[in-house]
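All figures in this text were calculated on a predicted structure; none of them were measured in a lab. No hydrogens, no waters, no symmetry mates; every other heavy atom, side chains included, goes into these values.
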Number of protein chains: 2
Amino acid sequence: MAPTGKHRETILTAAVSLFRRRGYSGTGLAEILSESGAPKGSLYHYFPGGKTEIGAAAVSAAGGQVTRTLKALAEAHDTPEALLRAYAAQLAAWMEQSQWRSGCPIATVLLETAPQEDRITKAGADAFSEWTRVFEDAMIQSSVPPERARSLARLAIATIEGSLILSRVERSSDPILSSAETVAELIASARGR
Amino acid sequence: MAPTGKHRETILTAAVSLFRRRGYSGTGLAEILSESGAPKGSLYHYFPGGKTEIGAAAVSAAGGQVTRTLKALAEAHDTPEALLRAYAAQLAAWMEQSQWRSGCPIATVLLETAPQEDRITKAGADAFSEWTRVFEDAMIQSSVPPERARSLARLAIATIEGSLILSRVERSSDPILSSAETVAELIASARGR
DNA sequence: CAAAATATATACAGACTGGTCTATATTAAT
DNA sequence: ATTAATATAGACCAGTCTGTATATATTTTG
């Protein structure tokens, strides 16, 4: 692929970071441009669909990053509850480091735009589906019955998303760690340990 | 109290409804004004702090509405799991009716503004705390150990918030109902049934 | 080397933003 | 009735928003 222009990537990176902190409506294209160093022409060259297309691309990119992180953690830990605990710990650390400003990289944008904006909604659905799949697979591999694995995986994702909101409001990692722990125990018992 | 000007209430109602659908940054004061029928002067008369103050008041008002709903449901159902199921069903119906446009009335605004905006963050923390309390009390009343009641109550809130995001993206009530059911079963077992 | 595609760079437009300001009603207190 | 407080009304401002248009580089292809 290689010789794609230098600015596509920087625009996307800036967009992901800004959308995460300020949300979709709260982030102006000018801000993305100045943080990325790209001129406006490049933006509409790479994303002719304008802000909507950047939003969808950012959700997709951020979703992919999380998927990769989860897969790496799944490799490193041999039980689904360990995976969940490890990811929660990582989120907690990240939240603290950003002083509770950078939560889920896609939740805010999705709440602002879904289900009206089709492309963004689709990108979000794909991301959630991938994340869920990682948990689901980890559980099946630990001999959780498939049906149960699916619903527990969705619960894990929902819990993480929700506790990230609480965490921001309370300026504390407690909600993340505590909720994850409760679900982790539930998962552990589901695989008949 | 009585003779407060007629427009304070209409402004607040419009703000709650618009923030819920479009988020904080996505809602302009002009929109709130036109939906409420009030002129700009009234807005700054009642909310001299401008948009931030309206945001905080809207979060507080919406939070109070949910609290009242939860308390009513807690009265009507005699177990915490029944309370959760009933509330989830109500949310699911509401989401469907709004075609997955109106989710949690405070989550979007909070993700956009917390923890930077102090007053809004505080209003959100108070709301979550009240909601949690309703679940916590219901569980304690059903002889769930206090410590466990607290963490399960927070899990319930986190799960609801998270599944409302998933629900919007998937344009389906499934995530709400499914996650709530899983947590309901967990609660049921926690009170030693 | 020339033509074409790709990419970069700004200037600009029209609408909308939150917020301030001043003027005018309306109600309450003296 | 007069003063004071409360409330309503909308014009206005400076700044920002997304998006378009046009011009110039840079690379790739024939």
Side-chain angles (χ1 to χ4, degrees), chain A residues 1-59 108-109 112-114 116-120 123, chain B residues 1-19 21-59 108-109 112-114 116-121 123:
Chain A
M1 36 149 273
T4 66
K6 61 177 175 180
H7 278 148
R8 209 202 115 99
E9 212 62 24
T10 68
I11 289 174
L12 203 50
T13 304
V16 168
S17 159
L18 284 165
F19 284 152
R20 183 178 201 172
R21 280 177 284 156
R22 306 203 211 297
Y24 184 75
S25 299
T27 301
L29 297 187
E31 225 171 344
I32 296 177
L33 258 17
S34 87
E35 182 156 324
S36 74
K40 202 157 200 175
S42 298
L43 191 151
Y44 278 93
H45 174 69
Y46 292 114
F47 306 95
K51 196 176 185 182
T52 304
E53 187 170 346
I54 295 181
V59 167
T108 312
V109 172
E112 289 179 86
T113 61
Q116 289 96 322
E117 294 284 355
D118 263 352
R119 309 178 61 172
I120 302 180
Chain B
M1 37 146 271
T4 67
K6 63 179 173 181
H7 278 149
R8 210 203 114 98
E9 213 60 24
T10 68
I11 289 174
L12 203 50
T13 303
V16 168
S17 158
L18 283 165
F19 284 150
R21 278 176 286 156
R22 303 203 213 299
Y24 183 76
S25 299
T27 301
L29 297 187
E31 219 170 345
I32 296 177
L33 258 15
S34 88
E35 183 159 322
S36 73
K40 205 158 198 175
S42 299
L43 191 153
Y44 278 91
H45 173 70
Y46 293 113
F47 306 95
K51 197 178 184 183
T52 305
E53 187 171 346
I54 295 179
V59 166
T108 312
V109 172
E112 289 179 86
T113 60
Q116 290 95 322
E117 294 284 354
D118 262 354
R119 307 177 62 170
I120 302 180
T121 304

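- The OH atom of B:Y46 sits 12 Å away from the C1' atom of D:dA9 (whole-angstrom rounding).
- Here ring-ring contact (aromatic ring centres under 6.0 Å, His included) pairs that include residues 8-42 of chain A, with residues two or more places apart or in two chains, are A:F19-A:Y24.
- Evaluation of the side-chain hydrogen bond (donor to acceptor under 3.5 Å, both in side chains) rule for A:S42 yields no partner, not counting sequence neighbours.
- The nearest whole Å value for the distance from the CZ atom in A:F47 to the C1' atom in D:dT20 is 18 Å.
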Query - Letter per nucleotide, 5' to 3', of nucleotides 14-19 of chain C [B base touched, S only sugar-phosphate touched, - untouched; heavy atoms, 4.0 Å] - result: ---SBB

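- Evaluation of the side-chain hydrogen bond (donor to acceptor under 3.5 Å, both in side chains) rule for A:E31 yields A:R22 as partners, not counting sequence neighbours.
- Listed here is the closest heavy atom pair of B:K51 and B:S25: NZ-CA, 3.9 Å.
- In this view, B:T121 satisfies the side-chain hydrogen bond (donor to acceptor under 3.5 Å, both in side chains) rule with no residue, not counting sequence neighbours.
- Atom CG in A:L33 sits roughly 13 Å away from atom C1' in D:dC17 (whole-Å rounding).
- Distance CZ (B:R8) to P (D:dA9): 17 Å, rounded to an integer number of Å.
- Within the structure, every side-chain polar atom (N or O) of B:H45 is placed at least 4.0 Å from both OP1 and OP2 of D:dT6.
- Taking A:T10 as the reference, nothing meets the side-chain hydrogen bond (donor to acceptor under 3.5 Å, both in side chains) condition, with sequence neighbours excluded.
- For A:R21, the side chain to side chain contact (heavy atoms under 4.5 Å, CB included) test picks out A:S17, A:L18, A:E35, A:S102, with sequence neighbours left out.
- The distance from atom CD of B:E53 to atom CD of B:E117, rounded to the nearest 0.5 Å, is 12.0 Å.
- Each end of the helix from C:dC1-D:dG30 to C:dT30-D:dA1 gets its own axis from five base pairs, and the two axes differ in direction by 10°, given to 10 degrees.
- Distance B:L43 CG to D:dA11 P: 16 Å, rounded to the nearest Å.
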